[in-house]
Amino acid sequence: MFEGAKRPTIKFSDEQAQLLDIAASFARDKFPLSAARARIAAEADLDKEIWSEMAALGWLGVAIPEDFGGSGLGLGEAVAIVEPLGRHVAGTPLVSTTLLAQALLKAGTEFQKRTYLPKLAEGGIGALALSEESGDWNLTNLAATATKTVDGVALSGVKTFVTDATSAELMLISVLWNGRPALAVLDRAAFGKGRMTRETVIDETRRSYRVTLDGMVVQDCYFLEAAQTAAAFKHLDEAACLLAAAEMCGGAAGVIATTVEYLKTRKQFGRLIGSYQALKHPMVDALMLLDAARSHLYFAAGVVGEGKEGEIAVRMAKAAAGEALAFAADRAIQFHGGFGFTYDCDAQLYRRLGLWGEARHGDAAWQRARLAELML
Amino acid sequence: MSDETWPDIREAVRKLCANFPGAYWREHDRARSYPAEFVRALGEAGYLSILIPEEYGGAGLPLSAATAVLEEIHRSGGNGAACHAQMYTMGTLLKHGSAEQKARYLPRIARGDLRLQAFGVTEPGAGTDTTRIATFARREGNRYLVSGQKIWISRAEHSDLMILLCRTTRREDAAKPGEGLSVLLVDMRQAAKQGLTIRPIRTMLNHATTELFFDEVPVPAENLIGEEGKGFRYILDGMNAERILIASECIGDGRFFIDRASAYAASREVFGRAIGANQGVQFPIARAHVQLAAAALMVQQAAALFAAGKPCGSEANMAKLLASEASWFAADTCLQIHGGFGFAEEYDIERKFRETRLYQVAPISTNLILSHVATHVLGLPKSF
Ligand SMILES: Cc1cc2nc3c(=O)[nH]c(=O)nc-3n(C[C@H](O)[C@H](O)[C@H](O)COP(=O)(O)OP(=O)(O)OC[C@H]3O[C@@H](n4cnc5c(N)ncnc54)[C@H](O)[C@@H]3O)c2cc1C
């Protein structure tokens with residue numbers, strides 16, 4: 001299936017590995033879990049300074065070509081940045097921003113690409129208004145509509161789980177236009193804050209909003225190329241799954257580290273609880289699930305990074321990552337005993353990250369059902 | 001003997017089984033031969049007719065007594081599969097046969113003069129999907145002529161009679177798929193002379209299972225059980241007892257594995273201490289015990305419902321599912337804990353491991369039980 005010299009492997013390339021190192025130490029410094037908790041408590045958006053530093057490092061344009069102001073790397077490299085951010089429950093708009101750029105790259109007009117991509121690379125936050133109340137993971141199963149009128153294009157419908165909507169420069173929306181799924185990128189001027197209602201979601205690090213499109217009228221120049229839209233939806237879904245897998249692998253690594261730390265400090269019956277096989281062996285199981293999930297992830301990153309057909313690899317990676325994190329975070333709660341059931345225990349941050357990650361773009365069972373269709 | 005756990009029966013069966021140690025079963029396993037001596041001893045002691053009503057010469061005990069017998073056989077390291085069907089196959093005759101058929105056969109079955117322990121349902125093209133069987137019995141005067149093929153028919157070479165499910169109306173001509181099926185009582189010795197070929201199938205366990213080829217085999221019309229065309233229901237009726245008894249064999253297997261695993265874990269020393277001192281070793285055995293105990297309760301409940309004449313299809317199936325999975329987990333744990341020795345024939349573990357695995361597929365596979373529960377207990381749409 002993969003001929004030639006650059007056969008994707010289950011390891012990162014040197015470039016990706018280097019990036020992973022840098023991103024790991026950045027995330028460790030900038031995103032201690034206490035910061036995540038503080039942000040939750042203050043209902044605050046991401047620290048602007050940190051976001052600017054991320055822009056300066058070139059990460060916001062990591063998968064944007066140099067022609068459009070990006071670093072000219074690819075989605076494979078984005079994985080190396082997202083994974084450590086997941087480990088520290090950073091909850092940044094990096095993923096949505098990267099995905100918006102991907103949609104533009106796939107289906108944007110030349111004008112849209114020239115105008116918006118550099119903005120994103122520089123630090124403009126991108127938000128995705130793709131999900132709807134039906135909760136369907138099929139991105140093209142839509143109820144929101146666009147209708148041509150004398151004033152422009154009238155939108156209707158409600159979008160949910162739009163993270164960082166209020167701080168976004170650009171928003172990607174999906175609607176049915178003449179019965180066909182269409183994508184549009186709206187800039188800040190086009191959507192008022194009045195349309196956004198804060199949603200309480202399981203992962204409290206996310207600033208998630210419900211966005212009402214009803215009554216909005218936009219110009220049709222906001223819409224992406226109709227001919228490329230189907231390809232853009234497919235690509236968005238795959239890229240979203242890939243980055244979610246990266247974030248969840250990071251989460252699994254983080255929660256394993258947190259739990260191992262606890263097993264090495266908490267004593268019962270005069271011994272460290274980590275000395276009990278019934279606790280330490282499952283941590284090894286968790287590590288093995290994580291390792292397997294990472295192999296899937298890095299392979300998928302390689303395939304997608306090279307622009308190859310990656311749906312199978314990506315769906316496997318997302319299923320494996322979701323299950324690895326679910327298992328590790330569940331054991332984390334159990335192994336922290338009564339403390340594990342408290343808000344103060346960090347295990348919950350990871351369990352929530354996992355539930356969020358699974359609920360976005362399809363959980364493991366759904367990915368497997370898609371895989372069965374692709375493979376059987 | 002009102003105690004539903006049958007301590008006297010259990011004790012007696014244990015004594016009987018002590019005469020048939022592991023070496024006995026290993027010999028037969030190696031040769032894939034029928035444990036005739038064991039079956040004879042069990043029959044002579046009266047255990048195989050335990051469910052036949054006293055009026056026909058049996059002990060007339062409830063199903064729980066038979067579960068006690070089979071559980072003890074399996075716990076001892078033996079295998080009741082060679083003869084368990086002699087206990088319950090007669091149920092179809094007892095429940096749906098005519099007074100004359102019962103008077104004619106049951107007393108001889110109770111005495112052990114006649115073996116009725118073959119049950120012919122499965123076909124190469126119809127396993128789980130029973131109504132698709134194609135073996136056909138054509139009525140001609142006062143007899144049927146049977147043609148077709150059966151597979152996985154156990155003990156066919158060690159049975160004088162067989163309960164055979166066949167079509168008397170083709171599926172496509174029947175009002176419903178479940179109609180047009182009939183049950184015939186086939187005299188195996190006669191049939192073997194008149195067009196029935198029996199071919200043994202070697203399997204990974206010693207199970208005396210065979211393939212049957214019927215070429216215009218005559219069966220007297222008087223051997224029809226119940227009404228023509230209603231046979232599917234009769235067979236379904238009989239399956240509950242079978243499920244519950246096989247579940248009790250799994251419980252016995254599970255206890256065998258747990259007994260062996262505990263004893264070995266307590267005595268085997270590695271790194272200067274008993275391996276059973278490791279949580280990684282003792283917890284799985286404890287878990288196996290917990291799972292088995294739960295499954296055993298389900299088996300008991302199903303047997304009690306059966307004895308009370310109440311509907312027990314779901315409970316019988318759930319008992320079989322739970323018991324077969326619990327015994328399999330116990331088997332896997334026991335094998336693992338024995339290290340290399342688990343693979344040595346003389347420990348009997350690898351043999352029991354192979355034997356207990358069967359019950360997740362036969363007499364009904366786990367998936368089909370889940371499907372039954374989903375549709376009949378939970379009211380979900382049929383999935384196929
Ligand atoms: C040693 C042995 C002894 C046996 N003894 C007898 C006997 O004495 N008399 C007799 O009549 N039969 C006997 N059987 C047959 C046994 O009952 C069948 O093998 C069993 O019912 C499964 O049927 P099958 O082998 O045709 O599998 P299939 O029906 O082909 O099924 C194959 C697999 O697909 C799964 N499957 C099928 N349909 C579905 C579905 N709709 N949804 C989900 N999963 C599905 C099944 O669970 C199974 O795992 C014996 C079998 C063995 C191996």
More than 12 foreign heavy atoms under 6.0 Å from [atom1] of [X]: is that the case here?
X: A:R180; atom1: CZ; result: no
X: A:H235; atom1: NE2; result: yes
X: A:F269; atom1: CZ; result: no
X: A:K234; atom1: NZ; result: yes

- [ ] Sort by residue number and list every member of residues 255-278 of chain B having a non-hydrogen atom under 4.5 Å from chain A.
- [x] B:R273, B:N278
